[in-house]
Amino acid sequence: MSSRTPRASGYFRTGYAQQFALLQTRLETRSLVLFVIALFAFPFFASAFYIDLASQVFLAAIGALALMLLTGYAGQISLGHAGLLCAGAFTTGILAQELHAPFWITVPAATLVGALLGVVFGLPSLRLRGLYLAVSTLALHFVVVYLGGEYESKRGFSTGITLDAPTIGGWTIYGGKVWYFILLAGAALTLWICLNLLRGRTGRAWRAVHAHETVAAALGINVAAQKLLAFVISSALTAMSGALFAYYRGFVSVEAFSLFLSIQYVAMIIIGGMGSLLGAILGAAFVTIFPYAIEAALMRLPDAQSYAGVLFAVNYAAFGVVMILFLLFEPLGLVGVWRRLQTYFLLWPFKHRPLERGRK
Amino acid sequence: MSEANLLTVDKLEVVYHRAVTAVQGISLKVARGQIVAVLGTNGAGKSTTLRAISGFLGIDDARVTDGTIVFDGRRIENRSPNEITRLGIALVPERDKVFPNLTVAENLAAPFARGGPGEDAIYGIFPRLADLRGRTAGLLSGGERQMLAIASALMCGPQLLLVDELSLGLAPVAVEDLMQRLLQIRNDLGITILIVEQSAAAALQIAEYGYVLENGRVVLDGDAERLRNHDDIREFYLGQSVNRERRSYRDVKQYRRSRRWYG
Amino acid sequence: MQLAVNIVVLSAIYALIACGYVLIYRVSRVLNLAHGELMMLGAYLLLTTASLFGGNPWMAIGAALVLSLVVGVLVYVLLMRKMTGEMVLAAVLTTVALGILLRGVMVLIWSAQQQYPGQALGFSNPALVLPGGARISLMAALLVGVTAATYLGLFIFLRFGRWGVRMRAAGQNPLLAAQRGINLHAIYALAWGLSTFTGSIAGMLMALDSGLTSSMMIIGLKAFPAALVGGLDSLVGALIGAAIIGASEVLSIQYIDPLLSDVIPFLVLIVMLVLRPWGLFGTREELDRV
């Protein structure tokens with residue numbers, strides 16, 4: 001038998017180059033073009049609220065893509081994602097506050113700090129696996145957040161650090177629409193980096209490490225180096241997202257980087273679908289929009305104002321329920337749902353793909 | 001008590017991970033009080049058959065997809081292992097056969113016994129274990145471990161004892177001894193025994209009937225006497241070549257015939 | 001002297017919570033990150049039963065304890081049972097999600113304000129003066145005693161009880177345990193029930209001592225380094241780990257910086273993971289299984 005068909009419609013690849021092509025069919029090219037146009041047009045039609053929401057989705061998508069690289073592809077679990085965001089945000093805050101460093105220095109500096117922290121977060125992975133690795137990243141999260149809190153209290157910013165709007169070449173970055181495009185560019189850049197890493201040698205090495213470390217080592221892959229590389233790249237991207245977050249909010253405080261934020265990022269890649277970049281983006285959108293949706297739904301109920309006080313509790317509970325539902329019933333996440341729908345329509349009126357080999 | 005056969009496996013088919021068929025259409029019968037041997041090389045489906053009888057856990061991701069297993073007049077396919085054990089089938093697994101961090105006595109106390117023979121009877125069959133009562137099971141030798149595994153299976157009070165690869169990793173003397181113990185268990189306690197073995201010589205010493213499995217199918221069965229004298233068995237399982245030159249596995253007519261039948 | 005008393009009390013709190021982590025991990029290889037929330041739920045249950053059986057405090061405590069046992073079993077039966085056989089990480093994340101859910105639900109039911117079940121039950125909590133001049137509150141002293149009793153009970157149960165032996169057996173080799181007629185689901189449910197039960201005792205005693213606030217969850221989270229430092233599959237380890245974490249926390253608050261309080265357990269944990277990942281008393285091969 002030949003290899004599996006990439007599309008049930010009968011599209012067969014005829015060369016290796018096609019396997020690496022990002023866009024396989026004309027339909028994909030067309031829908032991508034349409035999607036990009038829609039993204040560009042969006043801020044000119046939407047209200048400030050929706051532009052802000054979209055910007056938050058882009059920010060979350062950067063972090064979720066970075067985590068997906070690490071967990072979904074390289075198979076290294078991290079519960080310390082908020083710690084890295086915190087590190088990126090605080091590097092930016094401290095540099096801007098203490099040295100009045102400009103935008104084009106602080107963001108790369110935060111990325112660099114993220115990469116260094118990636119080595120620190122990644123070192124335990126050389127010895128630990130699975131649960132223990134998750135726990136070690138969790139512990140590091142608390143350490144990073146503690147350091148941030150220590151800085152706040154020692155320097156007298158007990159409520160947080162305020163950041164001025166960044167300027168590039170005398171031009172101040174200000175306003176929702178401008179930020180929309182900056183964050184969109186950041187998310188697109190991250191996606192591009194991820195795509196290229198994953199379809200090349202590095203991505204294959206990560207997948208091999210994920211599947212079986214001993215076998216990967218036997219295939220000539222430097223397992224330790226690949227794990228560290230995954231941590232470094234993922235952490236650098238996450239810290240960059242943290243830096244952008246700091247500027248976007250104009251404010252940095254440790255309160256924003258609780259353990260719950262780490263869990264939200266893990267939830268993004270689970271709800272989106274493990275091992276899929278599209279999943280990371282879908283998950284980021286879902287988790288970001290979810291609390292707003294809950295709020296909107298609550299406000300429609302009679303007696304809306306009385307719920308305002310318990311809104312966060314409802315959010316917690318609903319978020320927990322959604323996470324449990326996905327873990328129990330749809331471990332493949334939103335991407336899994338999407339693929340099943342696709343398959344359903346492609347195969348209709350049949351229910352299952354034909355088996356590669358008959359029963360007898 | 002209605003039928004003579006304690007266990008009847010009919011056209012059993014087992015699929016792993018919803019994709020890999022490990023056993024395709026195996027049928028065998030075990031009469032009450034008999035010792036039956038299932039022989040075959042690696043990957044022939046022996047252990048899978050045994051595991052299908054003793055039950056899979058969800059974590060194994062295996063299912064009996066076709067055929068029936070009837071034990072003592074009851075259908076038992078795809079039941080959980082603890083239910084099957086309580087119905088009266090106990091398995092001595094191939095590996096991980098004892099709880100390594102428990103002592104010998106604790107290993108014998110852990111099983112959910114219902115009408116088991118009691119510890120004294122067990123120590124009567126395996127006096128060595130009585131001396132080792134307080135020893136941690138992980139520190140036992142291979143032979144002692146095998147004794148403990150059989151003993152703890154007996155503690156479940158089975159009517160049918162399944163033994164997977166008794167001889168694996170043991171010295172021939174130890175295997176000889178253990179086989180005699182199995183015979184004793186059958187004779188004294190009246191427990192029916194189904195053994196799965198690669199080492200046909202050891203198994204056919206005590207078995208009364210035998211099945212030969214290849215590639216997930218029964219290719220040959222008969223009385224132990226007949227199997228012992230069968231040319232192919234002698235050549236491929238007992239290592240006694242009939243003629244000087246070695247034949248290829250594929251030349252054997254049993255194998256070809258079975259291909260024609262099932263393929 | 002006061003310092004020593006503080007260390008003992010904090011260690012006892014951590015130890016009582018940590019044994020819940022160990023019980024579940026040892027039997028089913030799942031790290032229950034919702035343990036802090038379940039512990040707090042126990043305290044809130046006491047608050048509710050206290051208002052139901054206002055006149056009879058022992059009845060209230062008994063009812064709350066039974067309820068917490070039931071909650072633990074229900075968590076397994078309704079939720080974690082479906083995760084058996086799944087990846088360990090998925091199970092751990094399910095407990096994380098459960099924790100978040102419980103947090104929300106508890107605020108919805110009991111509000112986020114500080115509450116005092118001790119008052120509702122009519123218990124007073126006088127400070128006792130120990131020989132040497134150190135002070136300890138009655139409830140804290142009770143907590144130390146209860147912790148000792150709980151550990152003793154667990155040791156005896158696991159060593160000599162038939163179901164205790166079965167629990168250990170199931171933890172070592174679930175398949176073989178099932179093949180020996182042991183119902184794994186019953187064992188797991190028992191472990192969850194016991195774990196929630198001991199956790200709830202800790203939660204109730206803390207609430208009786210110093211009131212019921214959401215900071216309790218942080219204490220629950222800080223106790224799991226104690227379990228890990230000692231070795232996740234060892235009760236003795238949990239005891240020693242709790243002592244290490246408790247001592248280093250009290251000492252660093254006293255001599256270095258009070259802000260360190262929340263991070264010290266995790267710093268100790270990191271040091272331990274670098275030096276001896278399987279913990280002081282853990283089994284080494286645990287690492288490869290997860």
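Note on naming: letters A, B, ... go to the chains in the order of the sequence lines (proteins, then strands), and numbering restarts at 1 for each one. Basis for what follows: all heavy atoms, side chains included, without hydrogens, waters or symmetry-related copies.
Of the atoms belonging to B:P158, not a single heavy atom falls under 4.5 Å from chain C. B:R95 does not touch chain C: none of its heavy atoms, backbone or side chain, sits under 4.5 Å away.
Among all heavy-atom pairs drawn from B:F99 and C:Q172, the shortest one is C-OE1, 3.2 Å. Of all the heavy atoms in C:L176 and B:P93, the pair that sits closest is CD1-CG, 3.7 Å. The two residues C:I182 and B:A110 come nearest to each other via the heavy atoms CD1-O, 3.5 Å.
Counting heavy-atom pairs closer than 4.5 Å to chain C, the top-ranked of the candidates B:P81, B:A149, B:G55, B:A90 is B:P81. Listed options B:S152, B:C156, B:S54 were ranked by heavy-atom pairs under 4.5 angstrom with chain C; first place goes to B:S152.
Counted within 6.0 Å of CZ on C:R81, heavy atoms from surrounding residues, nucleotides or ligands total 12 or fewer; the atom is thus considered open. Counting heavy atoms of neighbouring residues, nucleotides and ligands inside a 6.0 Å radius, atom CZ of B:R63 does not exceed 12 of them. In C:F155, the CZ atom is crowded: over 12 heavy atoms of neighbouring residues, nucleotides or ligands sit closer than 6.0 Å.
With a 4.5 Å cut-off on side-chain heavy atoms, B:L162 and C:Q179 do not count as touching. Residues C:R168 and B:L102 form a side-chain contact, since some pair of their non-hydrogen atoms from C-beta on lies under 4.5 Å apart. Side-chain atoms of C:N183 and B:R86, non-hydrogen and from C-beta on, do get closer than 4.5 Å to each other.
Interatomic distance, CG of C:L158 versus CD of B:E106, reported as 10.0 Å (0.5 Å rounding). Residue C:R180 holds its CZ atom at 9.0 Å from CG of B:N107, rounded to the nearest 0.5 Å.
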